[in-house]
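Worksheet: the structure to be examined is printed underneath.
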Amino acid sequence: MNSFSLADCTTVEAALSQLKNGAVVKAGGVDLLDRMKNGTDTPNRLVNIRNIRELRGIQSTPDGVTIGALTTLAEIADDPTIRAQYTILSDACGHAATPHIRNMATIGGNVLQELQCWYFRSAEFQCIRKGKEQCFAFSGLNQYHAIMDYGGCPSVAPSSSAVALLALNATIELTSAAKGKRKVAIQNFYVQPDANPHRFNVKADEELLTAIHIPKPAPGTRSAYQKYGEKESHDWAIADAGILLEMDGDICRRAVVTMGAASPVVRRSKEAEAVLTGKPITRDTARAAGKASMTGAMPLSMNGYKVQLFPIAIYRTILLAAGQMERDPSAAG
Amino acid sequence: MSDHQPPHRELPETSSTTGNKGITRRGFLKGAGITAAGTALLDGVQSLQQEAQAATPKGVMEYGAEAFPVTLNINGKEHALHVETRTMLAEALRIGLGMTGTKISCDRGACSSCTVWLDKLPVNSCMTLAVDAIGHRVTTIEGLSTDSEVHPVQAAFVRHDAMQCGFCTPGMVMSCAALIERNPHPTERDVRVAISGNLCRCGTYPKVFAATLDAAGQHATKA
């Protein structure tokens, strides 16, 4: 790893004053230090925000919940309010990585993780995301890559929590010294590779992700998240599913189906949602929704299995959310 | 990490670092790395840093790219050593302080053999900057037992022979002991979750489950 200077900040104001001349923000450091050890990122200066107390903690508000950017995944997974009312988020945070990493990794850092692609994360490969022309995954080893909406880069969205936050209609709060706070809906936060291959999200370098706001779910909402990997524990998702069901008695008034590890940006499956809306949740409707989620799938040479895995992940997670099935023992976590 | 050699520090030889005739491979290599020139260089860097600190705005603690002195609270004692900003806690422990009980295997937080407690929370010391341990209480495998008594989890690992090659064992023990400190009556499921980040290449997991449940005064159920 290269050497670097470090500004250890204790206030948001102090940290914002340091965001200049290519300085890179470090919170829990899990993703950033990984990339620095890989040699893909070589910042000369880090701004350490880990010790900013005001960015830590979960606050219930009349219209929902506000999570400070430095709240760890373990803290979110264990929070009684999140578990009860935002189950999909506690599921996602509680099944990311390992217990130890969840003690270190922050929700802000999780949302801001860079893409999961072994070519992108290797210093040996200069790809389209690093300002070059070529993508190595299309013709290379692509068993963990995207099957949908990938344009010129079939990397996959790495964040488990984003799969939940998208279903929950979360808002990302960004703060800069010059412009103060602005809020971005999570569906507008990530950038599709074809829109700009060099930007993964809309956060500017001089901005700090300071909080995440989640509106209170409608009465009758049930939700769940499950992740499938090659290993039973500590694995990247090869398919993960977020399900949010607004129930009116037996009828699903509104459904949200979100998918990670399918595309470079976490996505909703409108096709799957349409199957569930206005219908009771049964094994048949859940299975049909899972099948519909693969509309438009274009698997690569080595990841056709995902086209079979996603419908199962979505089917089982719909039934889990509806209280009709136990958590899948074969799901990772 | 091959290009990264954290600063060396002269270490008092202890019973754990001295073998026959008082010389060990590790002790010899450490001694050979220390030079008078290095020490003089560090002194110069410190004065430069003090100048930089004077000009630093409020709420910002500035650390330069060169080695600097820090004090870390490890196993209840303050330890003075030199680190760089890029020094990981695992390296500070192993190379800076000679506490080689903490292992580095994957160096990416993927195997948890480097598990230590940061204020009682198990974390990966290979993915934690040493500077992020300043002001926190670090507990390593060396701090889990006292001279007269081993931790119940360690004793149970011995009783159950819960290790094969042993390289993952310090991390396993730290994860399991953290679980029992937090939850004195864990189920096997709790143990499985607690060590879900600890990789054992030999596959000794069933004995780790049994040992941890035994340490908590419980019997293993069938997996």
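Order of the sequence lines fixes the chain letters, A, B, ..., with proteins taken first and strands second; residue numbering starts at 1 for each chain. All figures in this text were calculated on a predicted structure; none of them were measured in a lab.
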Inset, instruction - Tell me the residues of residues 15-25 of chain A whose non-hydrogen atoms fall below 4.5 Å from those of chain B, in number order. - result: Gln18(A)
Inset, instruction - Please determine, among Asn38(A), Leu46(A), Leu32(A), the option with the most heavy-atom pairs under 4.5 Å with chain B. - result: Asn38(A)
Legend entry - Pick from Val47(A), Asp34(A), Thr98(A) with the largest number of heavy-atom pairs that fall under 4.5 Å of chain B: Asp34(A)
Legend entry - Side chain / backbone / both / neither for Asn48(A) at chain B, heavy atoms under 4.5 Å: side chain
Legend entry - Sequence-distant partners of Phe4(A), ring pair (Phe, Tyr, Trp, His ring centres under 6.0 Å), two or more places apart: none
Inset, instruction - To the nearest 0.5 Å, tell me how far Glu66(B) CD sits from Ser5(A) OG. - result: 10.5 Å
Legend entry - Contact leader toward chain A among Leu121(B), Asp132(B), Leu129(B), where contacts are heavy-atom pairs under 4.5 Å: Asp132(B)
Legend entry - Top contributor to chain A interface from Ile134(B), Asn124(B), Leu118(B), Leu199(B) [non-hydrogen pairs under 4.5 Å]: Asn124(B)
Legend entry - Sub-4.5 Å side-chain heavy-atom contact between Lys37(A) and Met88(B): yes
Inset, instruction - Please check if atom NZ in Lys181(A) has more than 12 non-hydrogen atoms from other residues, nucleotides or ligands closer than 6.0 Å. - result: no
Which side-chain N or O atoms in residues 200-212 of chain B pair as donor and acceptor under 3.5 Å with protein atoms at least two apart or in another chain?
from      : atom 1 : to        : atom 2 : distance (Å)
Thr204(B) : OG1    : Gln164(B) : NE2    : 3.3
Tyr205(B) : OH     : Cys200(B) : N      : 2.8
Thr212(B) : OG1    : Val208(B) : O      : 2.8

Legend entry - Residue pair Val131(B) / Leu6(A), side-chain heavy-atom distance below 4.5 Å: yes
Inset, instruction - Kindly give the heavy-atom pair with the smallest separation between Ala194(B) and His100(A), and that separation in Å. - result: O-CE1, 3.9 Å
Inset, instruction - Count the heavy atoms belonging to other residues, nucleotides or ligands that lie under 6.0 Å from CD of Glu78(B), then report whether that count exceeds 12. - result: yes
Legend entry - Selection from Val30(A), Ile101(A), Ile52(A) maximising heavy-atom pairs under 4.5 Å formed with chain B: Ile101(A)
Legend entry - Polar side-chain atom of Ser233(A) near backbone of Ser196(B) as donor-acceptor pair, under 3.5 Å: yes
Legend entry - Point-to-point distance, once rounded to the nearest 0.5 Å, from CZ of Arg86(B) to CG of Leu33(A): 13.0 Å
Legend entry - Over 12 non-hydrogen atoms of neighbours within 6.0 angstrom of CD in Gln324(A): yes
Inset, instruction - Could you check which of Gly109(B), Gly197(B), Pro122(B), Ser112(B) has the highest count of heavy-atom pairs closer than 4.5 Å to chain A? - result: Pro122(B)
Inset, instruction - Mark yes when over 12 heavy atoms from residues, nucleotides or ligands other than Glu13(A) sit less than 6.0 Å from its CD; otherwise mark no. - result: no
Legend entry - Exercise: identify the closest heavy-atom pair between Lys58(B) and Ala14(A): O-CB, 3.6 Å
Inset, instruction - Anything in residues 166-182 of chain B with a heavy-atom distance to chain A below 4.5 Å? Please list those residues in order. - result: Ser175(B)
